[in-house]
Amino acid sequence: MNCSRRAMGACGRILTGGSTRSLPSLPSITSCARHSPAQKPMKRPNRYQGATKSPLEARTINPALAVVLLIGGGATYYLATPSSQDQVLNQDTFVPYTITSREAISASSFIFTVAPQHPNPAPSYLAAEPGDPAAWRYPLWSVEFKQPEVQIARNYTPLPPVEGEQPLRDGTLRFYVRSIPGGEMSTYLGRLGVGREVWLRGTHPGFDVATRLGSQRNVVFLAGGTGIAPAMQVAKAVLDGHADARFTLLWAIRSREELQQAPDVFGRPASASWWDVFRSSNPRPQPSEVDHPIAAASPLGRELEAMKARYGDRLRVHVGVDDESSQFRESHIWTSIQSLRAAPTLPSAPDCQSHNQKFHAPASEFEPAGARPCTCRPDNRGKNLFMVSGPEGFISHYAGPKVWLGGVETQGAC
Ligand SMILES: Cc1cc2nc3c(=O)[nH]c(=O)nc-3n(C[C@H](O)[C@H](O)[C@H](O)COP(=O)(O)OP(=O)(O)OC[C@H]3O[C@@H](n4cnc5c(N)ncnc54)[C@H](O)[C@@H]3O)c2cc1C
């Protein structure tokens, strides 16, 4: 735990969904804060968090920037009653959707699809004009679901459309959710079957990946569990957007069934016993790169496989499994960062709110695209990114605890 935090650097900060950090050959870090002054009150849940400076930054070898997206715990928000006039997805009121499919991945996680009850030909998360191929407007975004019985809301991250499928103009969205024991919203969603009604509000743009990355092309993304949803969003946006972009996904999961079903049949590394861990002749299990095709792929595994088929070596996927004692450690993160062999970037402009670390630290995880314009030299715009996303405990492990910084609760800042 301490080791991980040291590895990440000296500072970090909480983002509602992610945190930012520096990578080795990627310079200093960028960070995001959880609450943006520009945001309306009551809208910011807090599962994904971002950290500003990080241990990685502290150890900066060559400046490069890293963004860490974090998924954190959820805050409770009292919800406004939806107006009858707001029938399509919007940022102010909750609108009804219907669950159209539900697929279990493990005993506690599942993917489900929702369709709006009032179709909207131009949802706010689509960039294309009607008639053009549809594309998502933001590299990273989420919507809120509400739990009507106890009046709370939580953010969830739509999964990118499956390979070969356009974002659907009928507004259909898919989500990967884990039911947390005792969790108000996630257990509520876990109980709902096909045909049940859910209520959504959004679109909520996330950390402005495009501006932060600028002319740089490398992202390392450490995702814990359902934190893979934002990772897949960012991977698709970055890899579709730039033919020379490279994305390394480090996916930390509790058990292999998130990636592969029937793992014992298909060659899962043997679980490490306590005895194994301490036997010098049996070194500690290590995270491994995912083979393609993925044997007995889970529904999520099939989606990763499709992305891998599309992007080839530009997308590398590594998995660390709790049950197999192959968690990601500092050395794995550094190896992934350094393997990108990104050219060092120059220091950012002192007043650049996108790339200077002092502004990055208190930045919000929820920020409108372009809200923080880059003022760096034209030939030095952007930072390679290291992003972290996952449950609060996961983020704390890698980015450090939540702290208050400049009146904003952040994570990864110290
Ligand atoms: C921008 C954003 C996007 C998100 N996208 C997704 C997504 O795509 N899929 C998804 O499943 N979640 C996502 N989340 C997290 C989600 O919003 C909720 O926080 C989560 O589902 C838990 O809510 P809850 O009401 O069930 O638990 P709560 O009642 O809020 O929490 C109950 C307890 O469980 C702990 N806890 C919360 N989450 C976890 C966890 N993952 N593991 C272990 N303990 C936990 C809390 O700290 C608390 O102690 C996202 C969060 C944000 C901010």
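Numbering of ligands and ligand atoms starts at 1, following listing order. If you're wondering where the values come from, they're calculated on a predicted model, not measured in any experiment.
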**Fill in**
Min over Leu159, Ile180, Ile228 of heavy-atom distance to atom 38 (N) of ligand 1 lands on Ile180
**Message:** Run the side chain to side chain contact (heavy atoms under 4.5 Å, CB included) test against Thr248 and tell me which residues pass, sequence neighbours left out.
**Reply:** Val220, Leu250, Arg316, His318, Ser336, Leu340
**Request:** State whether Asp240 and Arg310 are salt-bridged, where the test is any N-O pair (Lys NZ or Arg NE/NH1/NH2 against Asp/Glu carboxylate O) under 4.0 Å.
**Result:** yes
**Message:** Between Trp251 and Gly225 (side chain of the first, backbone of the second, donor and acceptor by atom type, cut-off under 3.5 Å), is there such a pair?
**Reply:** yes
**Fill in**
Tested for side chain to side chain donor-acceptor pair (under 3.5 Å) against Ser108, the lone hit among Arg254, Glu258, Arg178 is Arg178
**Request:** Please state whether the rings of Phe328 and His332 are parallel, tilted or perpendicular, taking 30° and 60° as the class boundaries.
**Result:** perpendicular
**Asked** In terms of atom number and element, which parts of ligand 1 are under 4.0 angstrom from non-hydrogen atoms of Val177?
**Response** 11 (O)
**Message:** Suppose we screen for ring-ring contact (aromatic ring centres under 6.0 Å, His included). Which residues come up paired with Tyr188, at least two apart in sequence or across chains?
**Reply:** none
**Polar contact flag for Ser186 and ligand 1 (N/O pairs, less than 3.5 Å)** = yes
**Asked** What do you reckon, are the aromatic ring centroids of Phe112 and Phe145 less than 6.0 Å apart?
**Response** yes
**Asked** Measuring from the heavy atoms of Arg254, does anything fall under 4.0 Å of ligand 1?
**Response** yes
**Message:** Please state which option from Met232, Gln147, Arg154, Arg178 has its nearest heavy atom closest to atom 11 (O) of ligand 1.
**Reply:** Arg178
**Asked** If you measure from each heavy atom of Ser142 to ligand 1, is any distance below 4.0 Å?
**Response** yes
**Asked** Does Arg137 make a cation-pi contact with Tyr125, if we ask for NZ or CZ under 6.0 Å from the ring centre and within 45° of the axis?
**Response** no
**Message:** Which of the numbered atoms in ligand 1 are under 4.0 angstrom from any heavy atom belonging to Thr226?
**Reply:** 9 (N), 10 (C), 11 (O), 12 (N)
**Message:** With nothing but distance in play, are any N or O atoms of Tyr176 less than 3.5 Å from an N or O of ligand 1?
**Reply:** yes
**Item:** Test of proximity, Glu184 against ligand 1: N or O pairs below 3.5 Å
**Value:** yes
**Asked** Below 3.5 angstrom, do we get any N/O pair linking Met185 and ligand 1?
**Response** yes
**Prompt:** Against heavy atoms of Pro391, which atoms of ligand 1 measure under 4.0 Å?
**Reply:** 40 (C), 41 (N), 42 (N)
